[in-house]
Enquirer: 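Sharing a structure, written as structure tokens. Questions coming.
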Amino acid sequence: MTDTDASEDPNDEVQYHIEVGEGDVADAVLLPGNPERVDKITALWDEYEEVAHHREYRTATGTYDGTPISVTSTGIGSPSAAIAVEELARVGVDTYVRVGSCGAIQPEMDVGDLVITSGAVRQEGTSAEYVREDYPAVADHEVVSALVAAAERLGYDYHVGLTMSADSFYAGQGRPGLDGFRAAGSESLVEELRAANVKNIEMEASALLTIANVYGLRAGAVCSVYANRITGEFRTEGESRAAETASLAVSLLARMDEVKREAGVETWHAGLSL
């Protein structure tokens, strides 16, 4: 580390932005955007304690179904989410599950449904600062399997597929800006993505998945559908379903890891029973 590198982190005990240190968080962390969503997530847990709150980053640690689990809010967008991933990894986190909201772009998807991301279109710019633009943003298959199993056990309607992550809520997602401003290509954006079988649009998943793969970490995402951009339906619904699904998925991932150790294998697969 150069002197310049050292000067950028004046505190040796806690991370600069999220203000957590070794032992403050579990190996698996849920990543909502909104700090207020932390309360809705921890309300589902056995017990919890808030361990840090700095800027948009609010962190709590506890247990769900007896499994250690943490949550850190990331704020809006990929740049701040990337900071959370970086700093959580520095204190030992190896599994990340984004818990968010999204706009669906397939007509059969209902408000309140869940979208489990299998991979993402990298329309955000943060991941391009880590790796070449043709590097894929792919969810970890164990995390996807755990999220699907959790949604099935809880009886929640869900869809698995590709997500598009944008840097802009308005122009970057095909919405008009101030006074009807339209970015180049924005009027056809949603239809082009829909035709390519992309399921939903949000703002963090592709950066999370890309960075996690670069660092050899596990990551996935589950989002509640708040709006369907094709049908025009909009309601803030399903937030607790995404939170519960993600929390149960962390418990199932812990069981997967236990089964792998017992079987002497490195990768969980469908032939191993949960």
Side-chain angles (χ1 to χ4, degrees), residues 9 14-18 20-33 41 51-52 57 59-61 64 67-75 77-100 116-122 124 126-133 135-150 162-163 165 202-223 245-261 265-269:
D9 188 358
V14 299
Q15 294 300 304
Y16 183 63
H17 297 90
I18 64 176
V20 302
E22 296 279 353
D24 286 338
V25 290
D27 293 342
V29 179
L30 306 188
L31 300 175
I41 292 172
V51 296
Y57 304 106
T59 300
T61 295
Y64 177 87
T67 302
I69 188 170
S70 294
V71 56
T72 297
S73 57
T74 65
S78 292
S80 59
I83 288 172
V85 173
E86 284 275 5
E87 297 190 0
L88 287 166
R90 284 162 165 75
V91 296
V93 176
D94 60 21
T95 301
Y96 303 81
V97 183
R98 164 157 160 71
V99 183
I116 297 170
T117 297
S118 58
V121 179
R122 294 170 54 195
E124 41 72 36
T126 301
S127 61
E129 298 190 351
Y130 281 79
V131 68
R132 51 191 288 167
E133 293 183 0
Y135 184 96
V138 182
D140 180 87
H141 83 279
E142 293 182 349
V143 178
V144 173
S145 296
L147 287 167
V148 169
L162 298 177
T163 292
S165 300
E202 50 80 84
M203 298 181 68
E204 292 87 14
S206 68
L208 166 62
L209 302 183
T210 301
I211 296 167
N213 276 301
V214 167
Y215 290 158
L217 306 169
R218 291 193 298 197
V222 56
C223 290
T245 300
S247 297
L248 178 54
V250 167
S251 179
L252 294 175
L253 283 165
R255 176 57 182 152
M256 285 180 180
D257 292 341
E258 183 180 336
V259 169
K260 288 188 295 183
R261 286 191 295 270
V265 299
E266 294 185 359
T267 302
W268 185 87
H269 57 83

Enquirer: For a quick test of reading the model, state the closest non-hydrogen atom pair linking Leu31 to Tyr96 and the distance between them.
Expert: CD1-CD2, 3.8 Å

Enquirer: Taking the side chain as C-beta and beyond, is there a heavy-atom pair between Thr95 and Asp27 under 4.5 Å?
Expert: no

Enquirer: Tell me, please, which residues at least two apart from Glu202 pass salt bridge (Lys or Arg N to Asp or Glu O under 4.0 Å).
Expert: Arg98

Enquirer: Which heavy atom of Tyr135 sits nearest to which heavy atom of Val214, and what is that distance?
Expert: OH-N, 3.6 Å

Enquirer: Step by step, would you call Gln15 with Thr59 a side-chain contact (heavy atoms from CB on, under 4.5 Å)?
Expert: CA-CA 12 Å; Gln15 294 300 304; Thr59 300; over 6 Å; no

Enquirer: For Ser70 versus Ala26, what's the shortest heavy-atom pair and its separation?
Expert: OG-N, 2.8 Å

Enquirer: Donor-acceptor check, side chain of Glu142 to backbone of Trp268, threshold 3.5 angstrom: yes or no?
Expert: yes

Enquirer: How many angstroms lie between atom OG of Ser127 and atom CD of Glu133, to the nearest 0.5 angstrom?
Expert: 8.0 Å

Enquirer: State, with a plain yes or no, whether a side-chain heavy atom of Thr267 is found less than 4.5 Å away from one of His141.
Expert: yes

Enquirer: Just by modelled atom types, is the Ser78 backbone N or O under 3.5 Å from a matching donor or acceptor in the Glu204 side chain?
Expert: no

Enquirer: Rounded to the nearest 0.5 Å, what separates atom OG1 in Thr72 from atom CG in Asp24?
Expert: 10.0 Å

Enquirer: Check salt bridge (Lys or Arg N to Asp or Glu O under 4.0 Å) between Glu86 and all other residues, then give those that pass, not counting sequence neighbours.
Expert: Arg90

Enquirer: Can you tell me how far apart OG1 (Thr117) and CG (Leu147) are? Round to the nearest 0.5 Å.
Expert: 9.0 Å

Enquirer: Checking side chain to side chain contact (heavy atoms under 4.5 Å, CB included) between Val85 and each of Leu208, Thr74, Thr210, which is the one that passes?
Expert: Leu208

Enquirer: For Leu252 and Ala149, work out which heavy atoms get closest and say how close.
Expert: CD1-CB, 3.8 Å

Enquirer: Can you pull the salt bridge (charged side-chain N to carboxylate O under 4.0 Å, His left out) pairs that have at least one residue in residues 207-216, sequence neighbours excluded?
Expert: none

Enquirer: Please report the shortest heavy-atom distance between Ala89 and Leu217, naming the atom on each side.
Expert: CB-CD1, 4.1 Å

Enquirer: I need the minimum non-hydrogen distance between Ala205 and Ala221, along with the two atoms involved.
Expert: CB-CB, 4.2 Å

Enquirer: How many angstroms lie between CD1 in Ile41 and CD1 in Ile69, if you round to the nearest 0.5 Å?
Expert: 8.5 Å

Enquirer: How long is the span from the OG atom in Ser165 to the CG atom in Leu209, to the nearest 0.5 Å?
Expert: 7.5 Å

Enquirer: Could you tell me the separation between the CD1 atom of Ile18 and the OG atom of Ser80, rounded to the nearest 0.5 Å?
Expert: 12.0 Å

Enquirer: Evaluate whether atom CD of Glu129 has more than 12 neighbouring non-hydrogen atoms of other residues, nucleotides or ligands under 6.0 angstrom away.
Expert: no

Enquirer: Decide yes or no on side chain to side chain donor-acceptor pair (under 3.5 Å) for Glu124 and Ser206, but give the supporting numbers first.
Expert: CA-CA 7 Å; Glu124 41 72 36; Ser206 68; 2.6 Å; yes

Enquirer: Taking Thr163 for its side chain and Ala120 for its backbone only, find out whether a donor-acceptor pair lies under 3.5 Å.
Expert: no

